[in-house]
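The next block holds one structure in the form of structure tokens; read it before the comments.
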Amino acid sequence: MADYQTTMNDLIANMKTLFKAKLATGQPLEGIRQIKRGILPETNQFPLITIIPEQEDFPAYSSSGLVRVERTVNIYVFGQVHRQEDIFNVQKYADAAIEVLRDNQTIPDSDGNPTVIAIDFTSVDMEEDRSAALFTARCTSEETRTRTVSPTVSNNPTSKEVLDKIYTKLNNLVPTASNKIRAVFREEWDASWARLLPSVTCQLDSHTQSRVVAGRDHPEMSFGINFYSKVASAADSTLATHLATAEIIKGALAEEADWDGKCQTSSLNGINYGQRLESNELLYQTTFDVLTTTRHNY
Amino acid sequence: MALHALWDDQYAFSVRKGPIDWTDKTTGTTNGNTTDAVSHTDAGVSTQHATADSPAIQLGGSAHFSATRGAAAITTGTGSAAAGVLSKGRHIGIPTSGTAVIHGIPVSGNPDFSVGTEIIETAVADGTVVGRVGGGSATTDGSSIFRGGSSPTFSMECVPTNMQLMLLGSTFFQEGTSQGLAAGSDKGKMQLRTVADDQVSDPLYVGAFLKKMSAEDANSRVLSDCCPSSFSLSADRSTPLTLGMDFTGRVLVTDYDAGDKAVTTADATTAADTTLDIGRNYAMHDCIATISEGTSTTQYVMPVDSFSLNGSMETGYTFYNQPTPQSILTGPQSWEGSITIPLAGRGATGSEKATNQTLTKLMAQVGMTGSVPSGTVNPIHISLFWEAQSPISAAFGSPATLPNTRSEATKVANDRDLHIRLTCVITDISVGGDAEATQTISFRCLNQMTSATVVAAHAVSIDTKAPASSGTDYQSIFGFTNTTVTY
């Protein structure tokens, strides 16, 4: 991967590597007993740090499909707080974790190459009821994504026509085993589909009438695409596998400029990473926000 | 009920093949002899001159905005270049079939026309006096203000398709407008480019802009026989390629009935066409931009955050003591623009490519390459390519495969492709940016000549290709005079 480019999967892996390098005696994170990615198992060794992906934003693109992606990552520091003053220990590790990232602003990969242009931090929130400290790192990297463009644009497509294009595109990912997607649905998640995980749902979120030019409206359709996978274990690899597939879905959604000419333009505005509890089943849930602009001539 | 909803307004643009005799305001013959009368009289009535064909085709204002083609020749041509060229007086729209054209323009912001009537005021006596306005008789009522000439204007902005860009741009580029007709690779390719210094000043293409207020009532407006004074293109990360133009017309028609017009003498009344072209728009995301570091023909692929190009033309209007122009002449054009690229360039050897240091040095050395102050100024080349179906594959910092090594046969190879190529002299460089430092390069565009009349590199060249034809070859032919395209 070129300099200043990365993925969410690689970004949190590189962060973990940076933290692990500071665990030795005399290093700022000495005493931390576990550093991991994703949710925590039922039993843990405290104090620990876990890195959880939060969000990925795509500001408008430059030429050649260059975009400065902004990735938001939550970093939690958990301690064992038996006495009131134990919370200072948590605060100490949070400060040290920020310093580690601040000293490595480009979040280098295993070859030492930079993956991030700039990094910003939120304030550190002390969550004493959870014996934890939380801060958010917002990392800006580059990404280049070319798109398939149609020469002409349809007049007044229905939202279902556009949704069908999105569905078909994603459904074509299913037969490739390495994509690790078992099913794609055109509806919101149904608990009965738990046996078909990992799976994708896509649906219309909103349809707004926008008037911009004479003789033509530009309806905007917002689609929500959700990717679910089962949290079989709290191991890092579960999240890594989920993020790898999310990257494939992201690529599929971002490479369509107009969905075979159904839209004037289509953009993947952002990705939200989260979890969902469904029928006592914990799922990793990644939501892709796709905004399309269509044409309606008078 | 005198209520008018803005959303109901629609705009259309029609081009008439000139040159026009701006003093000929005669109306109403069908003998085919008068092809260059103005489109509307000073009172706003369509001139009714028509061809000698059967049925006769209108050449005056009634032909504007008609969905019927202005020439039967295009539908019956068999492959010769001449078959696709319109004769003087015919009207040009965006072709959609062998017999039909469309005229709609997706104008933003509902702009209106400005009447542009000049008011001449004379001095009044000293003391507490009030200026006088004539009571209808200039001989019996004193007046201290008088009506002068009228230069109605219109400023508009739209996000164009390539066909709309060609139709509107033809009135600014004039004889620099061309469309290839020869069989083979040139067919359908179109070009707007700055001309060498031998262009005549009589406008060859004269526009008419319609603001349609209603379908049937006589309340729509037409800026008749208009010429542009500016042409600007811009795009940035969140705005697709946008065209802005300022027009000045001969007369403003304020009681135009968009639903009542006869195109041929055999027609019943037909409505003005405001159909919009179905072509794609041009987002910065889908553009490949290149820049050279000097006179070298090698250009390097660079990410561009924003781009702007502004052309202005000194269009002259002479009234000869008449209320409307008796002569309209196009004059010199000047072009300025800017692009924003990364400060340090990009690519595997990015530190050497299009860096701020290299370009700043180039600008600093302008005029200093020789022993005298008037040294030669060397241009750089900036290009933007929108290639839909076979994107240029070149990494940042790599020499572009276009335009230098691409053959004539593959230039703007795909339908609706769009290339903008500029020959620029740097006028300023400033550094800014957000997370990443960028440089904004300001420039002027100039023709690079190899002799007094031969242009080596045009100041501005906009190349595109009409949609694929189905059936007859002439479904995408505008009918411009120039029928060869040299990339």
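Reminder, nothing fancy here: chain letters follow the sequence lines and each chain counts from 1.
Distance check, rounded to the nearest 0.5 Å: CZ of B:R237 to CG of A:L66 gives 8.5 Å. Remark: A:S63 OG to B:M284 CE distance equals 6.0 Å, nearest 0.5 Å. The CD1 atom of B:I278 sits 10.0 Å away from atom CG of A:N297, with the distance rounded to the nearest 0.5 Å.
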Would you please test B:R280 and A:D258 for side-chain contact (heavy atoms from CB on, under 4.5 Å) and show each step?
-> CA-CA 9 Å; B:R280 62 177 289 216; A:D258 49 38; 5.7 Å; no
After noting the C-alpha distance and the side-chain angles of A:R68 and B:D305, does the key distance pass the salt bridge (Lys or Arg N to Asp or Glu O under 4.0 Å) rule?
-> CA-CA 11 Å; A:R68 280 81 171 180; B:D305 289 348; 3.0 Å; yes
Report the C-alpha distance between A:Y298 and B:D8 in whole Å, list the side-chain angles of each, state the deciding distance to 0.1 Å, and finish with yes or no for side-chain contact (heavy atoms from CB on, under 4.5 Å).
-> CA-CA 9 Å; A:Y298 292 116; B:D8 203 18; over 6 Å; no
So A:S64 and B:V301, side-chain contact (heavy atoms from CB on, under 4.5 Å) or not? Walk me through it.
-> CA-CA 8 Å; A:S64 296; B:V301 176; 3.8 Å; yes
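In this structure, the portion of B:A283 lying under 4.5 Å from any heavy atom of chain A is its side chain and not its backbone. Contact of B:I341 with chain A is not made at all, since no heavy-atom distance falls under 4.5 Å. Both the backbone and the side chain of B:S238 come within contact range of chain A, each with at least one heavy atom under 4.5 Å from a heavy atom of that chain. With a 4.5 angstrom heavy-atom cutoff, B:D277 touches chain A only via backbone atoms. Only the side chain of A:A118 comes within contact range of chain B, with at least one heavy atom under 4.5 Å from a heavy atom of that chain. Only the side chain of A:T144 has a heavy atom closer than 4.5 Å to any heavy atom of chain B.
Residues of residues 207-226 of chain A lying under 4.5 angstrom from chain B, judged on non-hydrogen atoms, are A:R211, A:V212, A:V213, A:A214, A:G215, A:R216 by number.
Under a cut-off of 6.0 angstrom, the local environment of CZ in A:F135 is crowded, with over 12 non-hydrogen atoms contributed by other residues, nucleotides or ligands.
Contact check on A:R145 versus B:D286 returns no salt bridge, with no Lys/Arg side-chain nitrogen under 4.0 Å from an Asp/Glu carboxylate oxygen.
Here A:Y61 pairs with B:H285 under the ring-ring contact (aromatic ring centres under 6.0 Å, His included) rule; sequence neighbours left out.
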